Number of protein chains: 2
Amino acid sequence: MVKNSLGRMIPEYFNGQLLSPYRDPFGHLPQGRLATRALRRVNPGERKLLGSLREAILAAELKDGMCISTHHHLRNGDTLLGAVVRELDAMGLRDIRIASSSIHPVHAELIPYIEKGVIGGFECGVNGPIGELVSRGELKCPIVVRTHGGRARAIISGQVQIDAAFIAAPCCDSYGNMNGAQGPSACGSLGYAHPDALYAKTVIAVTDNLVPYPATPISIPQTLVDYVVQVESLGDPQKIVSTTTRITRDPVGLQIAKYAAQVIEISGLLKDGFSFQTGSGGISLAVADQVKQKMRQQGIKGSFGCGGITGYFVDMLEEGLFQTLFDVQCFDLQAVASIGRNANHLEISADMYANPFNAGAVVNQLDCVILGATEVDINFNVNVNTESNGLLLHNTGGHSDTAAGAKLAIITAPSIRGRLPIVRDELTTVTTPGETIDVIITERGIAVNEQQGELKKELLRRKLPVKEIGALQQEIYAVTGRPRPLEFSDEVVALIEYRDGTIIDVVRKIKG
Amino acid sequence: MVKNSLGRMIPEYFNGQLLSPYRDPFGHLPQGRLATRALRRVNPGERKLLGSLREAILAAELKDGMCISTHHHLRNGDTLLGAVVRELDAMGLRDIRIASSSIHPVHAELIPYIEKGVIGGFECGVNGPIGELVSRGELKCPIVVRTHGGRARAIISGQVQIDAAFIAAPCCDSYGNMNGAQGPSACGSLGYAHPDALYAKTVIAVTDNLVPYPATPISIPQTLVDYVVQVESLGDPQKIVSTTTRITRDPVGLQIAKYAAQVIEISGLLKDGFSFQTGSGGISLAVADQVKQKMRQQGIKGSFGCGGITGYFVDMLEEGLFQTLFDVQCFDLQAVASIGRNANHLEISADMYANPFNAGAVVNQLDCVILGATEVDINFNVNVNTESNGLLLHNTGGHSDTAAGAKLAIITAPSIRGRLPIVRDELTTVTTPGETIDVIITERGIAVNEQQGELKKELLRRKLPVKEIGALQQEIYAVTGRPRPLEFSDEVVALIEYRDGTIIDVVRKIKG
């Protein structure tokens, strides 16, 4: 057990893997080389189309203890991962690791297969009940939570070796060219699946929309795809939208959004060439809306919007407020429709989006990102993985990646949620290091990190409610009281891996 | 010295490299793994823009004996390779191997640098004077001629390790995103440069058109590019067009084209979904024109045209005769204009176009290709590298790749050129194995390879002038006489590498 630089106790090993404790956001340099894989040869006349998932599993020669992946672009509408796991079970396979890009509440259907030993662990974060049960000690299943960029890094560096990638392909030809823009299960970008397609030992395209050769546009090309399987359905794209996708009407949220837009304007970044990312929550969208109005009023032409893309960003593209959208994931059906039709709405891979170990990801070019938090501390460290009840409920997504990349990383959050204070003495879990967070905005005031001294001065000059984060915390505690620390057992049930592969924190089983 | 399966004498070693003699077109299976390279880390705020080619050469830490590459999309208009070599010389570097995608007559400017020892060899075929001088023994410079697909294979398998790729980028931002569609040196597709960008140790984008971030569309992304250098000019795109690009008016050529179009029609391939490749020569274009008319008359909707793309194929795309163009290289400025504007005109990498060692290249899906020849023999083997005078004058291009991939590979050539017969007892050089050639068409008759027995019957039934190839040869010899064999010394000056990396032939120094 060693303390990392943020004071979190990190075990030496987890699930047999030697851990490297987190030190700082930018200093950890890669030592190794790009992953590799066996060369293949596919001669003219050879066919890739197989009759079923079972045939594909056989062709991939999957065995006990191996690792598979899917992508999560259909989010809570995905039915492929469940179908693959049921087939693995029916074939008697056990101890399979899941290295999907994310797991959603719909995948609660996997719980019986974890209990049965079909699934031996998750090489990815989990949203929803699986993490909750693991946190409570009711389910034994090691979890390694990675950022979107960190997952790409883990795959391209060979840290995670995927034996078979099952890629849901909403539009696919029989030679494996695919895109996500067309078909009954259209999900738009297939960005998270690109590293899998490049490095998995066997790549299987699974489609409910087999089209004549060539399927175009081509997101993932035939040169990377070993087999194609046709299924009835990949899932329900209506369920891509799983969070709020309307501007908040809550006055607290609107106040926070107003402050955030003011901070962005005062930062000096809001000018021609501005680049921006927000999530799809109600406050984020309210910030986007205010920024949009400021850009429109001031005649500002932005360069790009990126990340998970919503209809709000599509509108901004179409209005000329952005030149380009870099889309690793479509967050709603308006984004899905746009990516298939607008040449300036570009699909990018998770590697290009956020991997710290390439020649420069898109997040490095980002001016401003709006992010959320379940908790923050007075060093600006942020938790998005666990709730204050200690339960692992959320994947990291691009949180740490965009915070590290953006010139201005803003956390927006209500000061109190469910009677609990947002600013804590100690975080339940550290997801994103405070060094990479610039501003924390609540309805009670704005805390500015020390590296943004000039911005702080300017905000004060413009009479924004800037507060020292300690003072903000005390003000909130005066309402909520100081929360009682949670009690955890010693048992580590999940790792929180920072984007560079070091361990920023672990999740321990809760007591009681 | 061993005889390969086509009876060509192959030395054990060339230039220190152990050779593997050619055996058959499809049986050689890859043993190794995908190439790899050191992982990198580029943090936010780091810049890639350097002040000069010299700074880039220093940053790449180029040393004597290392290997560099450029791409040849500007063909005879390229000025970058010359500029890089002059700088290498000025910096005192020696024995540098050139692994460009092709060399053109303009690169005669490199000859003094070969003589001086700056250039130590070519890991690529050469069009024009360098090959001639090497064939004559007037220039010492080992040459390894590769097909377009074979070059991609050599790079992705690590056989050729490029230390620094200098990628001419007609449109580029300061973070390295680039395309070939825009700018004063627009050349369209950058398809041949993709493997270099993926696997070169250092990747340098060189541009005469630096645009604000992000340059879109993105052919090669920022994640692969280490440095960006701005130069005055990359060259002259007017000189992309270096061969005939008009339909031949020669009656012999027109007769050949007419036969070719009839053969395609009779083969049964000319139906909905038809896919097609031709070169840019006058006969090829005449075939394309006749095929176009047949498709139009019969209401046939083709699937794709591929390869080097000409305005003729662009017209066919725009007319709906093809659904898609797969473009590894634009052969004229009409193609350049189209790729930037038509979403169905897709840039593809050389890997996707023709590499035999991936999960299936585009050539594998090709119905019909029209190819040329300097010589053929009675086993349907084809020479495109040397002329009958023994001089190495031509690169292989996609010849062997498309012949291997296409269902119907047709050679079109006049029976007599410069008083020399096209059908020889023995080829000066074997480029493409006869097993992969289906039909040879001259104005004197059509020779059909034995694997196309059904087609032969049908051509005879339709009264086309089908002849046994031996008979056709004798008929031609009756006019030209049997040519005297050339005399060669024992010295091997160049390898002709088949697409799978085995050696199909060598070029020896001519005597006299």
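Keep in mind the model is a prediction, meaning the values are calculated, not measured. In what follows, chains carry the letters A, B, and so on, assigned in the order in which the sequence lines appear, proteins first and then strands, with residues in each chain numbered from 1.
Residues B:Pro214 and A:Ser303 form a side-chain contact, since some pair of their non-hydrogen atoms from C-beta on lies under 4.5 Å apart.
Side-chain N or O atoms of A:Arg33 include none that pairs as donor or acceptor with a backbone N or O of B:Leu39 at under 3.5 Å. B:Gln365 places no side-chain N or O within 3.5 Å of a backbone atom of A:Tyr213 that could act as its donor or acceptor partner. No donor-acceptor pair closer than 3.5 Å links the side chain of B:Lys407 to the backbone N or O of A:Pro44. In this structure, the side chain of A:Arg37 does not engage the main chain of B:Leu34 through any donor-acceptor pair within 3.5 Å. Put simply, the side chain of A:Gln222 gets close to the backbone of B:Ala361: a donor and an acceptor are under 3.5 Å apart. A donor-acceptor contact shorter than 3.5 Å links the side chain of A:Asn364 to the backbone of B:Val42.
Heavy-atom distances place the backbone of B:Ala404, and not its side chain, under 4.5 Å from chain A. No part of A:Asn355 comes within reach of chain B, as not one of its non-hydrogen atoms sits under 4.5 angstrom from that chain. Both the backbone and the side chain of B:Phe357 come within less than 4.5 Å of a heavy atom of chain A. Heavy atoms closer than 4.5 Å to chain B are found in both the backbone and the side chain of A:Pro356. For chain B, the nearby part of A:Leu346 is the side chain; its heavy atoms alone come within less than 4.5 Å. Contact annotation for B:Ala38: both backbone and side-chain heavy atoms come within less than 4.5 Å of a heavy atom of chain A. Only the side chain of A:Thr324 comes within contact range of chain B, with heavy atoms under 4.5 Å apart.
Comparing A:Gln31, A:Arg153, A:His28 by heavy-atom pairs within less than 4.5 Å of chain B, the highest count is held by A:His28. Counting heavy-atom pairs closer than 4.5 Å to chain B, the top residue among A:Pro212, A:Pro30, A:Pro25 is A:Pro30. When A:Val362, A:Val363, A:Leu366 are compared by the number of non-hydrogen pairs under 4.5 Å with chain B, A:Val362 comes out ahead.
Heavy-atom contacts from other residues, nucleotides or ligands closer than 6.0 Å to CD of B:Gln159 number more than 12. The environment of A:Glu61 atom CD is sparse: at most 12 non-hydrogen atoms of other residues, nucleotides or ligands sit within 6.0 angstrom. Annotation: B:Gln161, atom CD; neighbour count of heavy atoms from other residues, nucleotides and ligands within 6.0 Å does not exceed 12.
When all heavy atoms of B:Arg41 and A:Arg499 are compared, the pair lying nearest together is NH2-NH1, 4.1 Å. Considering every non-hydrogen atom in both A:Met352 and B:Pro221, the closest pair reads SD-CB, 3.6 Å.
For the atom pair A:Ile156 CD1 and B:Thr36 OG1, the distance stands at 9.0 Å (nearest 0.5 Å). With rounding to the nearest 0.5 Å, the separation of CZ in B:Phe326 from CG in A:Asn177 is 5.5 Å. A distance of 9.5 Å separates OG1 in A:Thr223 from CD1 in B:Ile348, rounded to the nearest 0.5 Å.
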